[in-house]
**Q** 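Got a structure here, written out as structure tokens. Questions coming.
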Amino acid sequence: MNDTPHLPPALATGVGSLPGTDAREAAKAATGSFEDFPHLPELPARGPGADMIGRTAGLLVELYARVEPSGWRIGDRPGRDTRRARSWLGEDLDALEEFTQGYEGLLKVQAVGPWTLAAALELKNGEVALSDLGACRDLAASLAEGLRQHLEEVRRRVPGARLVLQLDEPSLTAVLRGQVRTASGYRTHRAVDRQTVEATLRDVVGVHDGGPVVVHSCAPDVPFALLRRAGVAGISFDFSLLTERDDEVIGEAVEDGTRLFAGVVPGTDAPLSDPAGSVMGVRTLWRRLGLRPGLLPEAVTVTPACGLAGASPGYARSAYAHCVRAARSLADNPE
């Protein structure tokens with residue numbers, strides 16, 4: 001077993017984003033659906049500053065970003081866009097605090113990880129921070145301090161919770177493979193050395209001192225082994241994108257105590273199978289790996305495949321309820 005902070009068994013949770021613009025409704029859905037593992041909802045439909053990149057840019061310390069026609073760009077001082085991002089996050093925290101009075105248990109908060117942020121935030125010259133490794137280091141340090149402050153704020157508001165930090169890294173594979181396009185769109189930025197990627201992730205993971213960190217990516221080819229070395233307690237992914245060539249690294253992750261957050265419920269409106277059918281692939285994987293069935297509830301948390309921002313409100317509620325039922329099916333009948 002590794003010395004990564006342990007993540008206790010939890011059957012189901014959400015990824016992060018939900019449709020709509022009402023913070024109280026979102027907090028009610030996240031806390032009511034997942035009584036053992038709620039999360040802080042994100043509502044990108046509110047506009048710039050509530051989107052994934054803008055929300056995390058609002059957490060940065062001594063770095064500020066503003067919206068340009070091409071996306072989010074680092075600037076010299078906090079402006080309207082930074083204030084808007086921080087205001088919406090405060091609104092979300094107020095709503096979460098209201099619905100978690102007296103709560104004691106796991107609580108997940110999400111932010112964009114350092115490499116996806118570097119692949120999205122532009123420097124003053126219009127190229128993304130990924131084009132400059134010095135800028136990447138500064139960005140990661142600013143993010144780490146911002147996350148430290150954010151976690152302290154959530155602890156103050158929900159003192160009984162055991163916080164789980166989720167870093168969203170959908171661009172991580174593209175960063176490792178040199179697939180992030182330049183501003184012109186004609187070239188790509190060179191691949192970042194894997195050791196550099198791992199070391200930066202380890203530094204950011206370390207800000208949640210003693211607490212578990214999960215990395216989420218709904219892109220193909222999640223680098224499971226690299227993430228484990230960086231010290232994450234769990235890896236969240238779209239289960240439908242796995243192939244049999246992932247078997248070995250997944251088996252090693254499970255045996256090492258890494259929690260799998262298996263995204264088995266579609267992130268946009270789709271017919272939902274019976275709950276047992278949704279986790280059939282997980283059971284099949286387990287048999288293929290030769291893992292003990294009784295380990296399933298301890299090793300797997302059921303989630304949607306990705307955030308639900310593109311879903312209808314009714315489907316989002318159904319998807320959350322379906323995750324809970326599918327996880328219960330897995331626990332009751334791991335065979």
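Only heavy atoms go into these numbers, but all of them, side chains included; no hydrogens, no water, no symmetry mates.
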**Q** Going through the distances and angles, do Gln110 and Val15 end up as a side-chain contact (heavy atoms from CB on, under 4.5 Å)?
**A** CA-CA 8 Å; Gln110 306 84 216; Val15 171; over 6 Å; no
**Q** Nearest 0.5 Å please: distance from the CG atom of Asp193 over to the CD atom of Glu198.
**A**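 Reported value, rounded in 0.5 Å steps: 9.5 Å.
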**Q** Just checking Gln179: does its CD atom have more than 12 heavy atoms from other residues, nucleotides or ligands closer to it than 6.0 angstrom?
**A**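 More than 12 heavy atoms, drawn from other residues, nucleotides or ligands, come within 6.0 Å of this atom.
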**Q** Which heavy atom of Asp168 sits nearest to which heavy atom of Met52, and what is that distance?
**A**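 What the structure gives for the nearest pair is CB-SD, 4.2 Å.
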**Q** Assigning hydrophobic clusters by single linkage (Ile, Leu, Val, Met, Phe, Trp, Tyr; side-chain heavy-atom cutoff under 4.5 Å), is Val282 placed with Val222?
**A**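 Yes; tracing contacts between hydrophobic side chains, which count when under 4.5 Å, links both residues.
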**Q** Nearest heavy-atom pair of Pro212 and Leu163: which atoms, and what distance?
**A**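 Scanning both residues, the minimum pair turns out to be CD-O, 3.7 Å.
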**Q** Are more than 12 heavy atoms, taken from residues, nucleotides or ligands other than Glu62, located less than 6.0 Å from that residue's CD atom?
**A**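 Result for CD/Glu62: open.
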**Q** Looking at Ala65, is its backbone amide N or carbonyl O close enough to the side chain of Thr82 to form a donor-acceptor pair, meaning the two atoms are under 3.5 Å apart?
**A**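 A pair under 3.5 Å: yes.
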**Q** Following the transitive rule for hydrophobic clusters with a side-chain heavy-atom cut-off under 4.5 Å over Ile, Leu, Val, Met, Phe, Trp and Tyr, establish whether Leu176 and Leu241 coincide in one cluster.
**A**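 Result: no, two separate clusters.
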**Q** Under a 3.5 Å distance rule, please check whether Arg73 uses its side chain to pair with a backbone N or O of Glu122 as donor and acceptor.
**A**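 Such a contact is absent between Arg73 side chain and Glu122 backbone.
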**Q** Taking atom CZ of Arg84 as the centre, report whether more than 12 heavy atoms of other residues, nucleotides or ligands fall under 6.0 Å from it.
**A**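 It does: Arg84 CZ has more than 12 such atoms within range.
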**Q** Indicate, with yes or no, if Phe99 and Val164 share a hydrophobic cluster defined by side-chain heavy-atom contacts under 4.5 Å among Ile, Leu, Val, Met, Phe, Trp and Tyr.
**A**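 Val164 and Phe99: separate clusters.
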**Q** Is there a path of hydrophobic side-chain contacts, each under 4.5 Å between heavy atoms of I, L, V, M, F, W or Y residues, that connects Val112 with Val61?
**A**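 Not linked; separate clusters.
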**Q** Transitively linked via ILVMFWY side-chain contacts under 4.5 Å: Ile53 with Tyr64?
**A**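 The answer is no; the residues belong to distinct hydrophobic clusters.
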**Q** Should the pair Arg46-Asp92 be classified as a salt bridge under the 4.0 Å nitrogen-to-oxygen rule?
**A**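 The answer is yes: the pair qualifies as a salt bridge.
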**Q** Which pair of heavy atoms, one from Gly178 and one from Thr188, lies closest together, and at what distance?
**A**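 Answer, listing the atom of Gly178 first, then Thr188: O-OG1, 3.0 Å.
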**Q** Is it true that a side-chain atom of Arg288 and a backbone atom of Arg283 form a donor plus acceptor pair closer than 3.5 Å?
**A**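 Pair absent, no side-chain N/O of Arg288 close to backbone of Arg283.
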**Q** Please round to the nearest 0.5 Å and tell me the distance separating atom CG of Leu272 and atom OH of Tyr315.
**A**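 Rounded to the nearest 0.5 Å, the CG-OH separation comes to 4.5 Å.
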**Q** Output the distance between atom CZ (Phe237) and atom CG (Asp246), rounded to the nearest 0.5 Å.
**A**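 It comes to 8.5 Å.
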**Q** Does any part of the side chain of Cys306, heavy atoms only, come nearer than 4.5 Å to the side chain of His216, both counted from C-beta?
**A**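 Yes, their side chains come closer than 4.5 Å.
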**Q** Would you call Arg148 and Glu152 a salt bridge, using N to O less than 4.0 angstrom?
**A**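 Answer for the salt bridge query: no.
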**Q** Nearest 0.5 angstrom please: Leu289 CG to Asp247 CG, how far?
**A**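 Interatomic distance, Leu289 CG to Asp247 CG, rounded to 0.5 Å: 5.0 Å.
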**Q** Determine, stepwise, if the pair Leu106 / Phe34 fulfils side-chain contact (heavy atoms from CB on, under 4.5 Å).
**A** CA-CA 10 Å; Leu106 294 173; Phe34 305 114; over 6 Å; no
**Q** Sub-3.5 Å donor-acceptor pair from the side chain of Lys108 to the main-chain atoms of Gly14, do we have one?
**A**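 Indeed, once roles are kept as given, a pair shorter than 3.5 Å links the two residues.
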**Q** Between the side chains of Ser236 and Gln166, does any donor sit under 3.5 Å from an acceptor?
**A**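 Judged by distance alone, the side chains do not pair up.
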**Q** If you measure only the distance, is there a donor-acceptor pair under 3.5 Å linking the side chains of Gln149 and Glu153?
**A**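 No - no donor-acceptor pair under 3.5 Å links their side chains.
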**Q** Side chain of Thr284, backbone of Met280: donor and acceptor closer than 3.5 Å?
**A**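 Checking the backbone N and O of Met280 against the side chain of Thr284, a donor-acceptor pair under 3.5 Å is found.
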**Q** Is it true that a side-chain atom of Thr116 and a backbone atom of Ser171 form a donor plus acceptor pair closer than 3.5 Å?
**A**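 Yes, the answer is positive, given that a donor and an acceptor are paired below the 3.5 Å cut-off.
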**Q** Just by distance, do the side chain of Ser142 and the backbone of Leu139 share a donor-acceptor pair under 3.5 Å?
**A**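 The answer is no, because no donor-acceptor pair under 3.5 Å joins these two groups.
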**Q** Can you tell me how far CG of Leu151 sits from NE2 of His208, rounded to the nearest 0.5 angstrom?
**A**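 The NE2 atom of His208 sits 5.5 Å away from the CG atom of Leu151.
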**Q** May I have the step-by-step check of side-chain contact (heavy atoms from CB on, under 4.5 Å) for Thr13 and Phe261, ending in yes or no?
**A** CA-CA 9 Å; Thr13 190; Phe261 285 66; 4.0 Å; yes
**Q** For Glu98, I'd like to know if atom CD has over 12 heavy atoms of other residues, nucleotides or ligands within 6.0 Å.
**A**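 Yes, CD of Glu98 has more than 12 neighbouring heavy atoms, counting only those of other groups under 6.0 Å.
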**Q** Taking the side chain as every heavy atom from C-beta outward, state whether Val213 and Val204 have any pair of such atoms under 4.5 Å apart.
**A**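 The answer is no; the side chains never approach within 4.5 Å.
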**Q** Around Arg187, counting heavy atoms of other residues, nucleotides and ligands shown, do more than 12 lie under 6.0 Å from its CZ?
**A**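 Counting other residues, nucleotides and ligands, CZ of Arg187 stays at 12 neighbours or fewer.
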**Q** With a 4.0 Å cut-off on N to O distance, would you call Arg229 and Asp256 a salt bridge?
**A**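 No, no charged N to carboxylate O under 4.0 Å.
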**Q** Please report the shortest heavy-atom distance between Val214 and Ile235, naming the atom on each side.
**A**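 Closest pair (atom of Val214, atom of Ile235, distance): CG1-N, 4.2 Å.
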**Q** If you compare all heavy atoms of Ala129 against all heavy atoms of Cys136, which two are closest, and at what distance to 0.1 Å?
**A**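 Shortest heavy-atom separation between Ala129 and Cys136 comes out as O-SG, 3.3 Å.
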**Q** Nearest 0.5 angstrom please: Leu60 CG to Leu143 CG, how far?
**A**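 Going from the CG atom of Leu60 to the CG atom of Leu143 covers 6.0 Å.
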**Q** Look at the side chain of Ser33 and the backbone N and O of Tyr320, then say whether any donor-acceptor pair between them is shorter than 3.5 Å.
**A**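 It does not hold such a pair.
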**Q** Quick check: are there more than 12 heavy atoms from other residues, nucleotides or ligands sitting under 6.0 Å from CZ of Arg202?
**A**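 Correct, the count exceeds 12.
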**Q** Quick one: does any side-chain atom of Arg328 pair with a main-chain N or O of Pro275 as donor and acceptor, under 3.5 Å?
**A**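 Pair absent, no side-chain N/O of Arg328 close to backbone of Pro275.
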**Q** Is it true that a side-chain atom of Tyr103 and a backbone atom of Asp36 form a donor plus acceptor pair closer than 3.5 Å?
**A**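 Here the side-chain-to-backbone pair exists.
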**Q** Does the pair Val324 and Leu11 meet the rule for a side-chain contact (heavy atoms from CB on, under 4.5 Å), with working shown?
**A** CA-CA 7 Å; Val324 172; Leu11 297 179; over 6 Å; no
**Q** Looking at Arg157 and Asp94, is any side-chain nitrogen of the basic one under 4.0 Å from a carboxylate oxygen of the acidic one?
**A**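 Yes, charged N to carboxylate O under 4.0 Å.
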**Q** Nearest heavy-atom pair of Ala45 and Gly20: which atoms, and what distance?
**A**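 Scanning both residues, the minimum pair turns out to be CB-O, 3.6 Å.
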